[in-house]
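Below is one structure, written out as structure tokens, with a few remarks after it.
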Amino acid sequence: MTGIIRYLPLIMASALWVTIVLLWPSNTASEDSFIAWANITLLIILSLVLLNYGLRILRERSERRAGSMLRAKLVIALVSMLLIPTAILQVAANQMVERGMDVWFDVQVDTLLDQALNLAQGFYARVDTDLKQGLNSAMNDRELLNYVSALPLSYSLLNNHLQEKLLHEGWQSIQIFDLNERLVANVKLEGLSGFEVEALEEEAKSTLTLGLISTRFVSRDGEEMGVGYAPLRAHQNIIGILRAQVKLPESVVQNARAVEADYRTYRQLERNRQSIRGTFTHAMLIATLLIIITAGIVAVAFARRLTSPIGELANALERVTEGDLSVSIPTAPEDELGSLVHSFNRMTLRLKQNVEALEQTQNELTGALDSSRQRQYVLETLLANLQAGVLLIDAKGNIRLLNQAVRELLQLSSDWMPGRPIAPLCSGRLHMVCQFYDELQHQQEGNLQRELEISIDHRNLHILGRGVRLSGSGSAGFSGYLMVLDDVSSLAEAQRHRAWAEVAQRLAHEIKNPLTPIKLAAERLQRRFRKTADNTEVFDSCTHAIITQVERLQRLIVDFSDLARMPKPKPSIVLAKELITDMRELYSAYPRLQVEGFVDDVECFCDADQIRQVLINLMDNALAATEATKAPVHLYGSHDDHMVEFHVQDGGSGISNDSAEHIFDAYFSTKEDGSGLGLAIAKRIAEEHQGELLLISNAQPTHFCLRLPIEEPSMEPS
Amino acid sequence: MSSFDHILSKRTALLIAVLVIFFQVVPAVADSETSPMELTYDDKVIYCSVGPVGISDKAILALNQGTPVTLIWEISIEEARDYWVNKSVGEVVIARQAIPDLISKSLIVADAKNGISRRVHSIEEAIVFLSELRHFPVLDRSLLTPGVNYSVEVSFEIKEGQFKDTWWSGTTRFGTVAAEERLTLP
């Protein structure tokens with residue numbers, strides 16, 4: 001619909017051009033040419049205005065000037081509202097004129113007028129005929145001719161005769177002129193009133209020349225008269241001229257002239273019947289065009305006045321849409337549109353205030369968010385760099401947060417992630433974590449501290465678990481449980497070491513002192529009382545047993561002492577392959593030992609004696625384990641950028657899983673005569689070198705790995 | 001600028017003016033049929049003889065039906081110029097009319113400008129009176145320069161009704177050119 005309205009002015013302009021072509025005036029119709037051309041001019045102006053308006057609407061289609069479409073609709077609606085009834089009125093009026101003209105120019109009227117005119121013409125013709133007959137009678141009147149031709153003239157006789165003639169013919173006056181056009185006699189019905197004489201007319205001269213009677217009708221002082229001239233002859237010669245005048249009856253003349261005037265008017269109208277119709281049509285059309293143009297101007301002004309605030313509103317709304325809230329419409333009419341404008345101004349003002357408030361809040365929130373993000377960053381960095389594992393669980397039992405340390409500490413799988421419930425994940429070796437969590441949930445106090453022992457990768461980890469119940473309030477609060485897990489294995493082991501070292505020292509001190517006298521006493525008994533003994537065999541067996549066990553106890557005491565008084569390593573730069581070489585030479589007697597040295601001259605930072613002790617311990621254990629099966633033992637080295645590794649593999653029966661978990665514990669041994677301190681001491685030496693001793697595989701092959709730093713590590717204060 | 005002023009822009013006004021001029025010019029040059037014209041002169045006066053021009057059947061019918069017919073002659077004398085519009089020297093308007101008298105079956109033919117009239121008893125006489133100019137004094141010879149080319153144009157217009165000399169009658173007259181002639185005095 002809008003599209004049609006957009007093109008409506010152009011359509012109307014085209015229709016007007018068609019109308020212009022149809023109404024183009026013909027050359028013959030000159031009577032109403034002015035009004036016709038005026039119409040054409042108005043139509044052209046109107047069509048040009050419409051053309052211009054239509055083109056402007058199309059041009060504004062892309063620019064979309066606010067309110068233009070509404071204005072166009074209003075103008076078109078107002079003009080159309082007037083155009084339709086005006087056009088209908090014009091058609092109706094044309095029809096009425098058409099019918100009226102058929103009535104006006106009726107055949108009966110035509111005939112009647114013809115007859116009336118004929119009647120008037122007949123009357124005048126009759127007067128003319130009578131006048132001519134009278135003149136003919138006069139010109140043949142012997143008595144009159146005698147009076148005129150007699151010399152000298154007898155004016156009294158002549159006048160008397162003319163007076164009789166005047167009365168007889170009913171004329172108004174009779175004058176007689178001689179050949180020199182001098183008045184000879186003059187007789188008037190009303191008597192002579194003056195001496196002035198009318199000059200002879202052209203007809204009189206022709207009468208004198210041709211000798212014929214001539215008549216004419218003249219109009220004089222509002223009266224019509226028949227004037228006739230007749231020649232007066234004497235002896236075939238014209239001796240004078242007689243002029244007679246007869247007055248036509250005034251009433252008859254008036255009626256005859258009225259008939260003539262009506263006839264003339266009627267015929268003129270009849271001749272101009274088509275042009276009358278055209279004139280009426282053009283007059284109506286010009287009125288219609290003037291009305292339409294006036295209505296168009298009024299409509300444009302009205303639409304402009306009406307749509308101007310709407311256009312301003314639309315422009316202002318567009319600016320508001322684009323984000324300009326400072327817009328305000330300064331002027332507004334005192335009507336509903338004005339109220340709308342005022343409401344719009346209030347709305348934009350409130351919007352502006354709200355936006356400013358929002359911006360202020362946003363700034364505050366942004367600041368808070370930045371602060372929160374900073375805190376979160378600090379917290380995340382702290383958690384990421386925290387050695388202790390942190391596990392945050394919400395009130396529903398779902399994991400909310402866990403740091404990398406807890407993943408590494410507990411070797412957590414990828415299932416442990418925020419949002420997952422913790423209960424299904426706590427299975428197997430991690431059930432202690434769930435126990436701790438359950439206990440934390442169900443206890444009355446807000447915090448809990450427990451030491452957990454968890455076996456991971458054949459190692460028993462001593463973990464200090466500390467839990468706190470978090471009870472937040474409000475929407476920003478958080479309810480849940482925070483668990484902090486610290487690996488205290490080293491600390492526990494150190495404490496255990498310290499305890500055992502103290503025990504060992506005391507034990508060694510208490511046991512070592514009597515062992516030597518016991519051994520000496522047993523040897524003395526053997527030396528002095530062997531010969532006196534009843535049963536030498538039993539005696540030897542017993543004393544030997546005492547001496548053997550005492551020696552064993554002494555070795556045990558030495559190990560205890562070593563464990564208790566492990567000297568501090570004195571590290572230096574050592575070629576790793578020398579340590580391998582030492583082992584190859586030391587155990588050269590064992591053909592099943594396969595040794596592979598380092599390809600490079602890689603160095604390690606260690607106390608060579610203590611490392612040799614560790615390697616010897618590992619080699620002894622491997623050789624002992626393969627003593628029965630003679631399975632090969634493999635010693636080799638490797639390294640990376642930071643660590644040197646010494647690997648000892650054997651194909652022995654291996655270590656059970658249960659034993660593997662305690663293999664590095666002090667006093668744990670799988671051998672009958674083992675003290676259970678060898679691997680514990682070896683591990684301690686490795687750790688004091690900032691390295692580690694690992695059980696890579698507990699069977700097939702049994703694989704230990706000693707890792708030592710290549711460069712001097714930064715010693716942390718113990 | 002108001003919307004009405006905007007609508008009637010200069011461009012639109014120019015177009016309207018061109019159209020109006022076009023309408024004015026086209027009828028004037030459409031009829032190129034002319035009658036013979038003779039220019040004579042004596043020591044003092046320039047005379048013009050032209051016609052007869054064709055009187056339309058409509059005008060004859062009007063005379064027969066009692067309607068006066070006026071034939072307006074317009075004789076214009078211009079100094080012919082080659083590179084500019086001609087310069088007007090003088091213009092003579094002659095209005096001849098025939099007034100039928102249906103009752104007496106005669107016609108009064110008259111020169112509407114000077115009032116001289118006479119009665120004729122046939123339409124043919126009236127038509128001759130209307131349609132011809134014979135030895136009609138047009139211009140004082142002293143107004144013309146010997147050796148200069150002048151253009152004499154005679155146009156006429158037939159109107160029904162009696163002649164009414166108004167100030168605007170000249171502006172609404174769209175005559176038909178009857179004859180054109182060049183005049184150069186020795």
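Quantities reported herein were computed from a predicted structural model and do not represent experimental measurements. Lettering of chains follows the sequences in order, A, B, ..., and the numbering in each one begins at 1.
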Quiz item: Looking at B/Ile46, B/Thr145, B/Asn149, B/Val148, which hits side-chain contact (heavy atoms from CB on, under 4.5 Å) with B/Leu185?
Solution: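 Among B/Ile46, B/Thr145, B/Asn149, B/Val148, the one meeting side-chain contact (heavy atoms from CB on, under 4.5 Å) with B/Leu185 is B/Ile46.
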
Self-check item: Note, A/Tyr229 side chain near A/Leu135 side chain (heavy atom, < 4.5 Å)
Solution: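 The answer is no; the side chains never approach within 4.5 Å.
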
Exercise. State, yes or no, whether a side-chain contact exists between B/Phe136 and B/Val92 at a heavy-atom distance under 4.5 Å.
Key: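 Yes; the side chains approach each other to less than 4.5 Å.
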
Ion pair present between [X] and [Y], side-chain N to carboxylate O less than 4.0 angstrom?
X	Y	answer
A/Arg257	B/Asp101	yes
B/Arg81	B/Glu79	no
B/Lys87	B/Glu78	no

Quiz item: Counting a contact as any heavy-atom pair under 4.5 Å apart, which residues of residues 115-128 of chain A contact chain B?
Solution: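 From residues 115-128 of chain A, the residues near chain B are A/Leu117, A/Ala120, A/Gln121, A/Tyr124.
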
Quiz prompt | Main-chain N/O of B/Val152 paired to B/Glu181 side chain as donor or acceptor, under 3.5 Å | solution =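 Side chain of B/Glu181 to backbone of B/Val152, a donor-acceptor pair under 3.5 Å: no, none is there.
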
Quiz item: Would you find a donor on one side and an acceptor on the other, under 3.5 Å apart, between the side chain of B/Asp111 and the backbone of B/Ile116?
Solution: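 Absent.
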
Quiz item: Cut-off 3.5 Å, side chains only: do B/Tyr47 and B/Asp42 have a donor facing an acceptor?
Solution: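 Present: a donor and an acceptor within the cut-off.
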
Quiz item: Side chains of B/Arg119 and B/Ser106: do they bring a donor and an acceptor to under 3.5 Å?
Solution: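 Yes, side-chain donor-acceptor contact under 3.5 Å.
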
Exercise. Enumerate by number any residue of residues 124-131 of chain B whose heavy atoms lie under 4.5 Å from heavy atoms of chain A; in the absence of such residues, state 'none'.
Key: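 Within residues 124-131 of chain B, no residue comes under 4.5 Å from chain A.
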
Quiz item: Out of A/Arg216, A/Gln268, A/Arg271, which one racks up the most heavy-atom pairs below 4.5 Å with chain B?
Solution: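 Heavy-atom pair counts peak at A/Arg271.
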
